[in-house]
Amino acid sequence: MARCLANNGHFFVSDATTLTSYHKTPIFVPQTNAKTECPANGIDNNMMKPRVRFAPSPTGALHIGGLRTALYNYLFARKHGGTFILRIEDTDQGRYVPGAEDYIIEALKWTGLVPDEGVGFGGQNGPYRQSDRKDTYQQYAHALVQSGHAYYAFDTPEALDAQRQSIDNFTYNHTTRDGLSNSLTLGDAASQQRVDAGEPFVIRLKVLPGREIHIQDLIRGSVVFQSSELDDKVLLKADGMPTYHLANIVDDHLMNITHVIRGEEWLPSTAHHVLLYEGFGWSDTMPQFAHLPLIMKPVGNGKLSKRDGAKFGMPVFPLNWKGETDEDSFEGFREAGFLPEAVVNFLALLGWHPGNDQEIFSMEALMEAFTIENIGKSGARFDFEKAKWFNQKYIQALDTEALAARVRPLVAAKGYRTNAEYLEKAVGLMQERATVLPDFVETGYYLFEPVKSYEADAVQKKWNAAMAPFMAELIQVLHDFEPFLTLPLEEMVKKIMQEKGLKPGDVMPLLRIALVGTMKGPAVFDTAVVLGRDETIQRLQTFLQYVVDLQ
RNA sequence: GGUCCGUUCGUCUAGGGGUUAGGACACGUCCCUUUCACGGAUGAAACACGGGUUCGAUUCCCGUACGGACUACCA
């Protein structure tokens, strides 16, 4: 079938010709008849560089599932030295949300998925914003009417709603279009008259019944649809804008897209898309399809939605999004303290596997390892615990200096004043204990400001009046103890301990509480060293005062 | 309802006609550590069901069940 030939034929068509010739004479591109085997993996050696696109709709924040789609497109392009394009699908004027486009671009940049072409990135195949291509779609839509693959329809949305109300399972298709108000029933002349008179109309795809439409999906294999089951999809809306179906085919063709990698939700309408390629005479250059499994809710029922973030207490967006209302505002992975490398790694493995046991992948490693064959078929639950694990891994693996640089903004936001040297030491102390960036200034706040409170249980359990002399002596010794380093400090404390007949279990917990207020945290003497002599003494004195007051 | 897609430990998944069904997250236990974490070891934990095909099916085929997506002048 022609589909299998898609990428082969595609590259031999001069699309520069396509673009220019279309303006002179309508549409139909000369076909090539290059025929080769259908490559199983969607790519073969003779093939020119793939061109893929990420085509989000600017209706709000970019969902994490969309980001994964972008990732897979990006990886596929990079792996094969191809081109990754960002196209903004803003054909629904009613759903346009200001700021969404910027958000999408920022999210892509944050995760390192920088497009080669697209809105905000330049390129020779623009414009890349569909609202800027309105005229193009109109011409193609009308041409499709001319060639008999589409028709004008005058039924209003209200009229169709009424049909749906009164007739069970009503659809606009080959069984119902004869009873509706369109150019097939009214005749060309009458229809043209209504169009010319400025009457609102849409253009619908004319789906002929009685044939099978075969799709060779790169992930799912062969999928077959019966054309009689398909409805006459609207291609051009009454406002003159195209629907997704028309716009994506026209643009993918004009932009020389070779592989359409998109969410599974598009699989059912792919049959229509194939029909459109046929209608335009572009079958030989039709891109190959790969329909990605969906990302599901943590509980399993249904695909992950934007509300699930609040519901399950986790981010489902890359960046914070400030909507009109709190309900419409969402936390991002970035703001939750995730490293973009970790988010990318996590997302890559949500629906794709490398074929071995490797879990940690840099972007470069992903580019190398990624293949469409290794994308799974079934939906994957969104596992926030796993996301945190990846983040922890990346925090641990990061060079402490580099990590400190990422923590610095959080420290500054808290109003803490530190120097680079101290920050790095403090970060180093907490590095193995952090899963997200805010842990450094929240769990580890005591490295930047005095202890706020002492764990009452621990104090009560470990403190007794006999400890006071020990603490007093320790404070005294500390004043001129040299060198103020982990091991010497430890030796010194042990010595005093022994002199007083105390055991580590009596002493260490108290020192810990005195220094950080809690029983958890980095090693006591390491903490003392980072805090420094003065602060250590200060905290011991404060604590001693606190327990004395308690008595 | 219709169309299409899917189904291996709780989760992400590897595997694939004959395996002790492997790894990772999470969980349990132990070690390291007088804390927490990291790290190490270890344990529990899965082929949805029913028919075929076959000497043999978790693997191939067909059903069923269950799950999901789509079914707009939204993408």
May I ask you to say what [X] touches in the nucleic acid, namely base, sugar-phosphate or nothing, with a heavy-atom cut-off under 4.0 Å?
{"X": "Val524(A)", "value": "nothing"}
{"X": "Lys386(A)", "value": "base"}
{"X": "Val223(A)", "value": "sugar-phosphate"}
{"X": "Pro157(A)", "value": "base"}
{"X": "Gln431(A)", "value": "nothing"}
{"X": "Lys503(A)", "value": "base"}
{"X": "Gly376(A)", "value": "nothing"}
{"X": "Lys393(A)", "value": "sugar-phosphate"}
{"X": "Pro522(A)", "value": "base"}
{"X": "Phe390(A)", "value": "nothing"}
{"X": "Ala271(A)", "value": "nothing"}
{"X": "Pro242(A)", "value": "sugar-phosphate"}
{"X": "Gln226(A)", "value": "nothing"}
{"X": "Asn301(A)", "value": "sugar-phosphate"}

Please give the nucleotide sitting opposite [N] as a Watson-Crick or G-U wobble pair, both distances under 3.5 Å, or none.
{"N": "rC55(B)", "result": "rG18(B)"}
{"N": "rC70(B)", "result": "rG2(B)"}
{"N": "rC32(B)", "result": "none"}
{"N": "rU64(B)", "result": "rA48(B)"}

> Quick one: on RNA chain B, does Gly379(A) or Pro509(A) contact a more 5' nucleotide (nearest heavy atom)?
Replying inline: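 The residue whose closest nucleotide sits nearer the 5' end is Gly379(A).
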>> Both Leu349(A) and Glu158(A) contact RNA chain B. Taking the nearest nucleotide for each, which residue is further toward the 5' end?
In response: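 With Leu349(A) and Glu158(A) compared, the 5'-side residue is Leu349(A).
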Please tell me which of the listed nucleotides, [options], lies nearest to the side chain of [X]?
{"X": "Tyr244(A)", "options": "rG6(B), rA75(B), rA69(B)", "result": "rA75(B)"}
{"X": "Glu229(A)", "options": "rC73(B), rU3(B), rC38(B)", "result": "rU3(B)"}
{"X": "Glu264(A)", "options": "rC5(B), rG6(B), rC36(B)", "result": "rC5(B)"}
{"X": "Glu385(A)", "options": "rC25(B), rG23(B), rA37(B)", "result": "rC25(B)"}
{"X": "Glu359(A)", "options": "rA69(B), rC38(B), rA24(B)", "result": "rA24(B)"}

Within the structure, does a side-chain N or O atom of [X] lie under 4.0 Å from either OP1 or OP2 of [N]?
{"X": "Ser57(A)", "N": "rC74(B)", "result": "no"}
{"X": "Lys303(A)", "N": "rC70(B)", "result": "yes"}
{"X": "His353(A)", "N": "rA14(B)", "result": "yes"}
{"X": "Arg164(A)", "N": "rC73(B)", "result": "yes"}
{"X": "Lys237(A)", "N": "rA75(B)", "result": "yes"}

Are [X] and [Y] ion-paired here, with the side-chain N under 4.0 Å from a carboxylate O?
{"X": "Glu264(A)", "Y": "Arg220(A)", "result": "yes"}
{"X": "Lys393(A)", "Y": "Glu432(A)", "result": "no"}
{"X": "Glu535(A)", "Y": "Arg539(A)", "result": "yes"}

Taking the same atom, [atom1], in [N] and in [M], what whole-Å distance lies between them?
{"N": "rA14(B)", "M": "rU64(B)", "atom1": "C1'", "answer": "28 Å"}
{"N": "rA46(B)", "M": "rC9(B)", "atom1": "P", "answer": "9 Å"}
{"N": "rC5(B)", "M": "rU20(B)", "atom1": "P", "answer": "36 Å"}
{"N": "rA45(B)", "M": "rA24(B)", "atom1": "C1'", "answer": "14 Å"}

>> Using only modelled atom types and a 3.5 angstrom limit, is any donor from either the side chain of Arg381(A) or the base of rC12(B) paired with an acceptor on the other?
In response: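 Answer no: no donor N or O sits under 3.5 Å from an acceptor.
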> Can you find an N or O donor on one side and an acceptor on the other, under 3.5 Å apart, linking the side chain of Arg220(A) with the base of rC5(B)?
Replying inline: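 There is none.
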>> For Gln163(A), run the side chain to side chain contact (heavy atoms under 4.5 Å, CB included) check against Leu180(A), Thr176(A), Asp155(A) and tell me which one passes.
In response: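 Checked Leu180(A), Thr176(A), Asp155(A) against Gln163(A); only one passes side chain to side chain contact (heavy atoms under 4.5 Å, CB included): Leu180(A).
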>> Heavy atoms within less than 4.0 Å of RNA chain B: which residues of residues 511-521 of chain A have one? Give them sorted by number.
In response: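 Listed by number, they are Arg512(A), Met519(A), Lys520(A), Gly521(A).
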>> Whether the Glu455(A) and Thr518(A) side chains hold a donor-acceptor pair (N or O, under 3.5 Å, no angle test) is what I'd like checked.
In response: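 On atom types as modelled, these side chains qualify, holding a pair under 3.5 Å.
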